[in-house]
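Throughout, a chain's letter reflects where its sequence line sits, starting with A, and its residues are numbered from 1. Remember, it's a predicted structure, so these values are computed and weren't measured experimentally. Computed over heavy atoms, backbone and side chain alike; hydrogens, waters and symmetry mates excluded.
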Number of protein chains: 2
Amino acid sequence: MKLEILTKNENQEIQNGIISKIRDLINYKNLEPGDKLPSERMLSEKFEVSRTNVREAIQKLEFYGLLKSKPQSGTFIADIGQVAMNGMIEDILRLEDPDFKSLVETRILLELKTVRLAATRRTEQDLTNMKEALDAYSVKVENGMDAVQEDLLFHLAIAKASGNSTMNTFMLIITPEIITKFEEYHVCDKGMAFKGIQEHQDIFEAIKNQDPQLAKEKMKIHFKALYQYCYNI
Amino acid sequence: MKLEILTKNENQEIQNGIISKIRDLINYKNLEPGDKLPSERMLSEKFEVSRTNVREAIQKLEFYGLLKSKPQSGTFIADIGQVAMNGMIEDILRLEDPDFKSLVETRILLELKTVRLAATRRTEQDLTNMKEALDAYSVKVENGMDAVQEDLLFHLAIAKASGNSTMNTFMLIITPEIITKFEEYHVCDKGMAFKGIQEHQDIFEAIKNQDPQLAKEKMKIHFKALYQYCYNI
DNA sequence: CAAACCAATCTGGTTAACCAATTCTTATTA
DNA sequence: TAATAAGAATTGGTTAACCAGATTGGTTTG
């Protein structure tokens, strides 16, 4: 067998090919929820790809909740019908990499919600965590240092305090890319950083006082520059 | 070497252990953005776990954008500082599985936004896709059949039309679990399904007429029962 | 002395062999 | 004949060997 090193993009295309073949198989064999998929070995032979490739494709579909593999037993169709299966695989295949605008737009949406939830649900421990992150940010800025990381950590502390694990996860997913792009595009300059201290303080106070509406308003103010930036790219 | 079959939970704990060890190493060695992590083989030896386990842990951190591995070269710290690295790993380790309430809460938040975006950005192709999904739903309901899948596909079509790939991805992530739980808890009964046809139609019309505010209102109506359900569990 | 070259080594990725739990078949027995 | 036990085959998961590109240190050469 010839060996070849593939770029991540080529690898992704192979994986997508396998996924669409799995979809075709499910349709052709009329597999329903709970039915068993052919074994990994069989699929790798049928599709003429390595078993590793098949496993990766299955794991991706498992991540999206479409398949469920059980050790020493087999891979099974999840409790989701053929219609949804086809539609979702179609979407997964066409999914494109997120652009910066999408990321920021989503971040703003999530944070305007998490800050409200945090204001109603925050525990004492949450307040302690947020205060720590807030102080770390202040120290960095007052010493004239870059504080993008500390900024984001304060926001992540809010997400955690929201008590919504799904939104918390989503914030974690988009945060690193946002940090990278921020530093790349120099979204935050020194002047904004100083203003940020007071803005963070205001947000923190609103959450502490359990005032969701005020917390949201303060967050909106904090995002004002970001808003404009996002919609002027 | 003794071989042992582990449950997914046990495996996850091993992975978290490795991740925290990687974090400790990064701190101890003061690794900065761009620095190279020790090789997978070295880590697996140092931590006394299999290389596969190390690879999985690295892939997880790569998913969250904290590491970046290059073939035949090494695994590198992403463009993110030590502070954010520590904070994010901490969060990732403590991340809990999403509960149903979190899922629904997030879905409502996302959809009230995607429907507005769809109303402003939808293309003709988007309208065609949505109309197809809408008709499929109607047919199923009118024939007295379960239509949870078709319902969700209509909503996914809206997410796609929003033109925001991040939100689209997030919708794809939470959708299958929602479908499963809906069918499990029988959230949608027949009566609701019939009402749903008109509600879907209203949403579709608002998007077609590019009226974001109306689209959001119609979506809110559509979610009314879901709202109550979510907050009464 | 610096630039170009080369081979040994190291790297993440890939493949193939192996493991043990499960499942299916078959033989045995009450 | 039906219930049961034994064993062979199949399965996803795991480990170890292998691959080829990338790196590195030393050597040669202009």
Novice: Which atom pairs link the protein and nucleotides 9-11 of chain C when you take only N or O atoms and keep those under 3.5 Å?
Specialist:
residue : atom : partner : partner atom : Å
C:dT11  : OP2  : B:Ser39 : OG           : 3.4

Novice: With a cut-off of 3.5 Å and sequence neighbours excluded, list every side-chain donor-acceptor pair involving residues 30-38 of chain B.
Specialist:
residue : atom : partner : partner atom : Å
B:Asn30 : OD1  : B:Gln82 : NE2          : 3.4
B:Asp35 : OD2  : B:Glu32 : N            : 2.8
B:Lys36 : NZ   : B:Ser73 : O            : 3.4

Novice: If you round to the nearest 0.5 Å, how far is CZ of B:Arg55 from CD of B:Glu62?
Specialist: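 The CD atom of B:Glu62 sits 9.5 Å away from the CZ atom of B:Arg55.
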Novice: Walk me through it: do A:Arg107 and A:His155 pass the test side chain to side chain contact (heavy atoms under 4.5 Å, CB included)?
Specialist: CA-CA 10 Å; A:Arg107 180 192 166 185; A:His155 289 270; 3.5 Å; yes
Novice: Scan side-chain atoms only and decide if B:Asn27 and B:Asn86 contain a donor-acceptor pair under the 3.5 Å cut-off.
Specialist: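 Present: a donor and an acceptor within the cut-off.
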Novice: Take B:Met171 and A:Asp91 through the test side chain to side chain contact (heavy atoms under 4.5 Å, CB included) and record every step on the way to the result.
Specialist: CA-CA 10 Å; B:Met171 278 294 292; A:Asp91 285 349; over 6 Å; no
Novice: Please verify the inter-ring angle class for B:His222 with B:His200; under 30° counts as parallel, over 60° as perpendicular, anything in between as tilted.
Specialist: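 Perpendicular.
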Novice: Could you check which residues of residues 43-58 of chain B get a heavy atom under 4.0 Å from DNA chain D? Sort them by number, please.
Specialist: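 Per residue number, the list reads B:Ser50, B:Arg51, B:Thr52.
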Novice: So which atom in B:Pro176 and which in B:Ile173 form the shortest heavy-atom distance, rounded to 0.1 Å?
Specialist: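 Minimum heavy-atom contact is CD-O, 3.7 Å.
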Novice: Check whether the ring centres of A:Phe170 and B:Phe170 lie less than 6.0 Å apart, and answer yes or no.
Specialist: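 Yes, close enough.
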Novice: Starting at CD1 of A:Ile14 and ending at P of C:dG13, how long is that distance when rounded to a whole Å?
Specialist: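 Going from A:Ile14 (CD1) to C:dG13 (P), I get 15 Å.
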Novice: Tell me: CD of A:Gln15 to C1' of C:dG13, nearest whole Å?
Specialist: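 Rounding to the nearest Å, CD of A:Gln15 and C1' of C:dG13 are 14 Å apart.
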Novice: Measure the distance from CG on A:Asp35 to P on D:dT11 and round it to the nearest whole Å.
Specialist: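 About 15 Å, once rounded to whole Å.
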